[in-house]
Amino acid sequence: MTFVLNVAVSATVIAFAAWLAGRAPTLAGFIVALPLSTMIVVPMSYLQHGDAAASATLARSIFAAIPVSLCFFVPFLVSERLGLGFWTTYALGAAALAGGFFAHRALVQWWLGA
């Protein structure tokens, strides 16, 4: 039952943000940038596992990942200047994010010992 609730809440938030992007992209961008997924996942993790320490570690890992996840957006900042198409820019962002994952993993191992 918990899994179904997780899916329903997550899908609703994502669907709402995607719908809103067509009407008010700036507002949708702001909403998506909010830590909505974190605000959903951290308490659901605690409710599902009942482990406050694990939930705190999850939150610290998310905190470390936020600046790293911004790597995805760097190609979008320069795409017009470089004349890149959407899918090329998206692929470069995904590649930058993949590189950021390894940076996050190293940071978390150093900081949290996890």
Side-chain angles (χ1 to χ4, degrees):
M1 184 62 180
T2 304
F3 179 77
V4 173
L5 178 62
N6 289 348
V7 170
V9 170
S10 302
T12 300
V13 170
I14 292 167
F16 175 73
W19 170 81
L20 187 60
R23 290 174 167 48
T26 304
L27 177 59
F30 179 76
I31 289 171
V32 171
L34 293 173
L36 294 173
S37 61
T38 299
M39 294 174 71
I40 293 168
V41 169
V42 171
M44 286 186 172
S45 171
Y46 176 73
L47 291 171
Q48 190 169 1
H49 304 291
D51 187 349
S55 295
T57 299
L58 171 64
R60 287 191 296 271
S61 175
I62 293 166
F63 180 81
I66 289 172
V68 173
S69 70
L70 295 176
C71 293
F72 174 76
F73 297 102
V74 172
F76 287 94
L77 298 175
V78 297
S79 64
E80 286 183 23
R81 182 173 290 154
L82 298 178
L84 301 174
F86 173 79
W87 290 112
T88 301
T89 304
Y90 190 89
L92 289 171
L97 194 54
F101 166 76
F102 294 106
H104 174 264
R105 187 170 70 175
L107 177 63
V108 168
Q109 286 176 343
W110 170 78
W111 186 31
L112 303 176

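Keep in mind that what you see is a predicted model, and the values were worked out from it rather than measured. The basis for the numbers below is simple: all heavy atoms, side chains too, and nothing from hydrogens, waters or symmetry mates. Numbers here are sequence positions counted from 1.
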F73 CZ to L77 CG distance, which is reported to the nearest 0.5 Å: 9.0 Å

Common cluster, Y46/V7, ILVMFWY with side-chain heavy-atom separation under 4.5 Å: no

From L5 atom CG to S10 atom OG, the distance as rounded to the nearest 0.5 Å: 8.5 Å

Transitive ILVMFWY side-chain link I31 to M39, under 4.5 Å: no

Side chain S61, main chain T57, donor-acceptor under 3.5 Å: no

Closest non-hydrogen atom pair, C71 against A96: O-CB, 3.6 Å

Heavy-atom neighbours of F63 CZ exceed 12 at 6.0 Å: no

Verify same cluster id: F101, L58 (apolar side-chain graph, 4.5 Å): no

Other residues, nucleotides, ligands: >12 heavy atoms within 6.0 Å of F72 CZ: yes

hydrophobic_cluster_shared for I40 and F30, side chain cutoff 4.5 Å: yes

P75 to G93 - nearest heavy-atom pair and separation: CG-N, 3.5 Å

Spacing of F76 atom CZ and L84 atom CG [to the nearest 0.5 Å]: 10.0 Å

From L82 atom CG to L92 atom CG, the distance as rounded to the nearest 0.5 Å: 9.0 Å

CA sep, side-chain torsions, deciding dist, call: I62, V42, side chain to side chain contact (heavy atoms under 4.5 Å, CB included): CA-CA 10 Å; I62 293 166; V42 171; 4.3 Å; yes

Interatomic spacing from CD in E80 to OG1 in T89 - rounded to 0.5 Å: 9.5 Å

Joint hydrophobic cluster, V13 plus V41, side-chain heavy atoms closer than 4.5 Å: no

